[in-house]
Amino acid sequence: MNRAPRDLLAAVYLTFGRCAERHEVGSELVVGGATVGASIAEAAGVSKQTVARMNDELGDLGDVAVALKRRQVTLAKPKPLTVRRVLETLRAIASEKGAGSAGRKKDRVLGLMRAAREGEIRWLTRTLIRNMRIGANKISVLHALASAAETHHSRRDGNASEGEAKLGVTPAMAAVQRAYSLCPSVDVLVPALVEGGVPNAVRSCTMRPFTPVKPMLASITAGAADAVTRIVCKREEDEESGKTFLVEYKYDGVRAQIHVAPSDGGGDDWAVKIFSRNCEDRTAAFPDVANIVLEGAKGGSGMVVDPHTGRGGGGLILDAEVVGIDRSTGRLRAFQDLASRPRGGVNEAELAARTAVDVVVFAFDLVLELARSAEVDAPTVREPNALGSDDDDRYDDRLLPAIETVRAFMLESLDAACEGVMLKRLDGDKSRYSPSKRSDCWLKLKKDYCENLRDSLDLVPIGAWFGQGRKAGWYSPFLLAVYDPETETYQSMCRCMSGFTDEFYRTRRENFGKPPSLVESGVKPPVYDTLEQPDVWFNPTEVWEIRGADLTLSPKHRAAAGARHEERGISLRFPRFIRVRDDKNVEDASGPEEVARLFDAQQSRYDGQGESATRRLAEQAALDAEAEKDEGDSDEDDDGGDREAVLDGDEEER
DNA sequence: CTTGCCTGCCC
DNA sequence: ATTCTGC
DNA sequence: GCAGAATGGGCAGGCAAG
């Protein structure tokens, strides 16, 4: 900040590992491990296979690049790389398009590789593949900026002696972090910091239409009791409040932060932008959503009215979930269907022509409402419909009805093809929208978090890859399969890398490294059915319990292949390891029939046949026999299908 | 023209 | 997304 | 309690290779 303020902006972009903010369209490099690996190979004059082999061993392409650089004799010292030149090159890479662009991207990467010195090439490689592995991320950079700005401005203003107007470093860090989550734009933040320090940055980085806010996130829970207890009982500084909370369906769609405001031209025109959970501009992917919102803006229905002027509000930021829906039946559709929509470059008519999935918008929060004030930090909820009173101290007993209500509501949500429910605090400071925070204000409760609702599978590890980074030297991920006793084959179901302790990895590398478990020839056993090609194959010797969220039709996994889809097998979403089943032989592992049965139970929810989850399996046989009599009320298409219940918790704490 | 690889992004 | 680990 | 790291299934889009 002192020495090279003009380079600071570029330096911050580089530490973020990007050439522009995420919401800038076209800011992606579209360069990955394959391109970078090829460039490293070319720069060092070795084959791509050599680079790949070294990568298997070292587990880090950056380390491979360094090792190869060391071997080289440099004839002419390359011109040193500068921060600004690297950023310019990244931007040039991002803007390459069309035929031959892959080659031109690679050439630019190659240029950087050649110019990089030994100390730079690891950083450069990791930046290009966006995997820094340095134990620090954006937040650390923001904190460093805050600290530097504090020091810099204290000194410049001549009151280094415990500046009175100064914030102090720790509050400054928090302030900058918060400022950036309200207005995640380096272009706004950095010049403001340089010019007027942290207070100036805080003034500049306010929530505004058409700049995405870092979305608020929810914490995971261990079941309905845990969720209710946490949402009600931990209220340290909120003694006054904290008696009510909201429960709502957790829809399985995509997060959409919808911005609506008068367009720049003024007049009565409104503009809409839609941002993803990661603050990408996805407006082009949802022309139908944009139209729904614009219609609302025109008609005024549901829009904010300024009580003083009586006019429509100056703009809104809504937080919402966009979910696929079958308009002919009113049923929600699976996430996998929603994902198959085109992602841009189509208008609404083209979307329809491509038989895209229709969507509903469930708006669940009002993040900013300009009619009220440009500075609101959004108390976002409607008035709670509190039930009962809170004169009793014994919250444990009093929570039981609430837990039961939540549990029942969750079963209902599952029948409605949702993932579970969300619990949100309704009052007190903690109920405010907290950008980018994952805290106990919002809790998510999904089926697979609940002991008695989840099912797991017993799968056989049949192969693995060599881990990267902190898992270098270990097998990760593993390839897991079901066993089909009919054909005596193993059909792959998923890879898995979650749920293993470091200790587990250590022992597995030893155990699987020795015969008889490792297939020494390295050739895929003929009884293995998979489109995957792991680095090593294992003989089938163990059974592992694996949990997941739901089942998907897979293009590369083969469990129950052909049973529920002409070609595809069935796979598992969000797989994680639970434990080794020492008590089972591989012949006792889950099989294709079990997988197909679970898949049917899941499908029944989308067909509107989902009975309460606890009874669903028992009724499956009856369902099969039953003739297909479908009907049912189609839920209204639009918004408004949102179900919610307000429960009364109890305060206190302990 | 079709297929398949790579990348980025959703969860 | 989920999970484990280290601070 | 939080940040950081590794990496899951699976889709579209864009380009290269056949």
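Order of the sequence lines fixes the chain letters, A, B, ..., with proteins taken first and strands second; residue numbering starts at 1 for each chain.
Atom-to-atom, NZ of A:Lys471 to P of C:dT3 comes out at 12 Å; the value is rounded to the nearest Å. Rounded to whole angstrom, the span from the NE2 atom of A:His23 across to the P atom of B:dC9 amounts to 14 Å. The distance between atom CD of A:Glu28 and atom C1' of B:dC9, rounded to the nearest whole Å, is 9 Å.
At least one side-chain nitrogen or oxygen of A:Ser476 sits closer than 4.0 Å to the OP1 or OP2 atom of D:dT7. Between A:Asn137 and the phosphate of D:dA3, there is no side-chain N or O to OP1/OP2 separation shorter than 4.0 Å. For D:dA6, one of the phosphate oxygens OP1 or OP2 lies less than 4.0 angstrom from a side-chain nitrogen or oxygen of A:Asn131. Listed pair A:Lys138 / D:dG4 fails the phosphate criterion, with no side-chain N or O lying under 4.0 Å from OP1 or OP2. Put simply, A:Ser276 has no side-chain N or O that comes within less than 4.0 Å of OP1 or OP2 on B:dC11.
Using a 4.0 Å heavy-atom distance criterion, A:Lys106 is classed as making no nucleic acid contact. In this structure, A:Gly548 reaches neither bases nor backbone, as no heavy-atom distance under 4.0 Å exists between it and the strands shown. At a threshold of 4.0 angstrom between heavy atoms, the contacts of A:Phe478 with the nucleic acid are absent. Among the atoms of the strands shown, none is found under 4.0 Å from any heavy atom of A:Leu338. No contact: A:Gly345 has no heavy atom under 4.0 Å from any strand.
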(request) Using a 4.0 Å heavy-atom cut-off, write out nucleotides 9-18 of chain D from 5' to 3' as B (base contacted by protein), S (sugar-phosphate only) or - (no contact). (result) BSBSS-SS--
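Annotation: A:Phe577 is in aromatic contact with A:Phe504 [ring centroid separation under 6.0 Å]. Between A:Phe478 and A:Trp544, the ring centre distance stays below 6.0 Å.
Note that CE of A:Met493 is 7.0 Å distant from CD1 of A:Ile570, once rounded to the nearest 0.5 Å. Annotation: the span from A:Lys138 atom NZ to A:Ser436 atom OG amounts to 11.0 Å, rounded to 0.5 Å.
Only the P atoms considered, D:dA6 is 22 Å distant from B:dC11, to the nearest whole Å.
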(request) Could you give me the CA-CA distance, side-chain angles and deciding distance for A:Ser185 and A:Glu21, then say whether side-chain hydrogen bond (donor to acceptor under 3.5 Å, both in side chains) is met? (result) CA-CA 6 Å; A:Ser185 168; A:Glu21 290 295 347; 5.1 Å; no
(request) Quick one: do A:Tyr475 and A:Phe500 satisfy ring-ring contact (aromatic ring centres under 6.0 Å, His included)? Show the steps, please. (result) CA-CA 11 Å; A:Tyr475 292 128; A:Phe500 304 106; over 10 Å; no
Solution key, residues 354-362 of chain A side-chain donor-acceptor pairs under 3.5 Å, sequence neighbours excluded:
none

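For the salt bridge (Lys or Arg N to Asp or Glu O under 4.0 Å) with A:Asp252, the lone residue among A:Lys446, A:Lys444, A:Lys447, A:Arg573 that qualifies is A:Arg573.
When side chains are defined from C-beta on, A:Lys437 does not count as touching A:Leu217, because their heavy atoms never get closer than 4.5 Å.
Listed candidates were D:dA5, C:dT2, D:dA3. Nearest to the side chain of A:Ile139 is D:dA3.
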Taking only N/O atoms, report every protein-nucleotides 4-7 of chain C pair under 3.5 Å with atom names and distance.
residue	atom	partner	partner atom	Å
C:dT5	OP1	A:Asp502	N	3.0

